[in-house]
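One-based numbering, in listed order, for ligands and for the atoms of each.
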Amino acid sequence: MFFPEYRARRLRRNDNLRRMVRETSLSVDDFIYPMFSAHGDNIKNPIPSMPGIYQQSIEHIVAEAREVYELGIPAVILFGIPECKDPLGQDAYSDEGIIQRTVRAIKAEVPELVVITDVCMCEYTDHGHCGVIRDGDVDNDETLKLLAAEALSHAQAGADIVAPSDMMDGRVAAIREVLDANGFSHIPVMSYAVKYASAYYGPFRDAAESTPQFGDRRSYQMDPANRIEAFREAALDVQECADFLMVKPALAYLDIIRDLKERFDLPMVCYNVSGEYSMIKAAAEKGWIDGDRVMLETLTAMKRAGADLIITYHAKEAARLLSG
Ligand code: PBG
Ligand code: ZN
């Protein structure tokens, strides 16, 4: 295959030819839409750094869940903003907690939509860390008990998948064990297996009101400089019977998505996080980029890197563009 006999441009001459040789496709089936459920009535607070995304009370969440379902998006992932926070994050595993009530409301109105719940403590603790604090750091093994209780409580409320995002060691096994012991052996665990200590989470922490009140998350989330460590993290979660593996954030970690896809046989999820969304929105608002095209190009790159599923705040707009 040498020029001038071989000419690569021959397969790019028109749109149908390009369609025939396209290697990666983006579909509404790939998307999971995140939503923030807030305590209260008739609340719909815009998140300034995330245009189009809101903290919403349950009736608005249910209405948006129906819209998401009608757009053909298969799943949502829920984050909760409770009325009260305390050192042990009790709302997280209360039957009347914000997520438990939200899950029941969505499943009553839009039963076929797959409801995934984020399992973590940071939205529920007054200190904003992802677990119980002892001696100034998160106590891993104490936190496992709370995470297991939270996951069980979400399953009891009707969650279809639980997604631990805390980065404690042993959480997938702890959650699997409590689910199996309580009649929920059919509920999958979507593990945030490889989650980096990233500055890209900034806008989310405003949305979920989950900024740590002291220190940072570097004693439990991964160092962005590390790759081999990601393989160890993923291998542990596979051993602990995770059903999905996730890489988070996505855009700056496409190499890790590719590496994990090649090494492991589980469905691969990536989280196109808040800061990635905000950057596109901000640049588009300034007229510096074509927001729709950059969005689709970015999501396609995540698929090309090896993601099977993408958690993305763009899900609704991307679904509309793909169908129109
Ligand atoms: C909670 C959690 C975070 C995100 C998802 N679950 C934030 C964090 O770890 O600080 C980030 C999502 C986003 O930025 O869109 N553990
Ligand atoms: Zn957390």
Colleague: Does Q221 have a non-hydrogen atom less than 4.0 Å from ligand 1?
Modeller: yes

Colleague: Nearest to atom 12 (C) of ligand 1, what protein heavy atom do you find, and at what distance?
Modeller: F204 CD1, 3.3 Å

Colleague: I'd like to know if K261 pairs up with D308 as an ion pair, taking the criterion as any Lys NZ or Arg NE/NH1/NH2 lying under 4.0 Å from an Asp or Glu carboxylate oxygen.
Modeller: yes

Colleague: Could you list which atoms of ligand 1 come closer than 4.0 Å to a heavy atom of C122?
Modeller: 1 (C), 16 (N)

Colleague: Could you check whether atom CD of E112 has more than 12 heavy atoms from other residues, nucleotides or ligands sitting under 6.0 Å from it?
Modeller: no

Colleague: Can K145 be said to sit on top of Y93's aromatic six-ring, NZ or CZ under 6.0 Å from centre and within 45° of the ring axis?
Modeller: no

Colleague: Under a 4.0 Å N-O cut-off, is there an ion pair linking R320 with E67?
Modeller: yes

Colleague: Around atom 15 (O) of ligand 1, find the nearest protein heavy atom and jot down its residue, atom name and distance.
Modeller: Y313 OH, 2.6 Å

Colleague: Between D118 and ligand 1, which part of the residue brings a heavy atom under 4.0 Å of the ligand: side chain, backbone, both or neither?
Modeller: side chain

Colleague: For ligand 1, is Y277 a contact, meaning one of its heavy atoms is under 4.0 Å away?
Modeller: no

Colleague: Between S274 and ligand 1, which part of the residue brings a heavy atom under 4.0 Å of the ligand: side chain, backbone, both or neither?
Modeller: both

Colleague: Give me the residue, atom name and distance of the protein heavy atom closest to atom 9 (O) of ligand 1.
Modeller: K195 NZ, 2.7 Å

Colleague: Can a salt bridge be assigned to the pair D255 and R227 using a cut-off of 4.0 Å between side-chain N and carboxylate O?
Modeller: no

Colleague: Calculate the angle formed at the Zn ion (ligand 2) by SG in C130 and SG in C120; 10° precision is enough.
Modeller: 100°

Colleague: Do K248 and ligand 1 have an N or O pair less than 3.5 Å apart?
Modeller: yes

Colleague: Can you list the atoms of ligand 1 that are under 4.0 Å from a heavy atom of Y201?
Modeller: 8 (C), 9 (O), 10 (O), 11 (C), 14 (O)

Colleague: CZ of R218: more than 12 outside heavy atoms within 6.0 angstrom?
Modeller: no

Colleague: Please evaluate residues F36 and F204 with respect to the criterion ring-ring contact (aromatic ring centres under 6.0 Å, His included), reporting the C-alpha separation (whole Å), side-chain torsions for both, the decisive distance (0.1 Å), and the verdict.
Modeller: CA-CA 10 Å; F36 299 97; F204 172 95; 5.5 Å; yes

Colleague: Can you tell me if D41 has over 12 outside heavy atoms packed within less than 6.0 Å of its CG?
Modeller: no

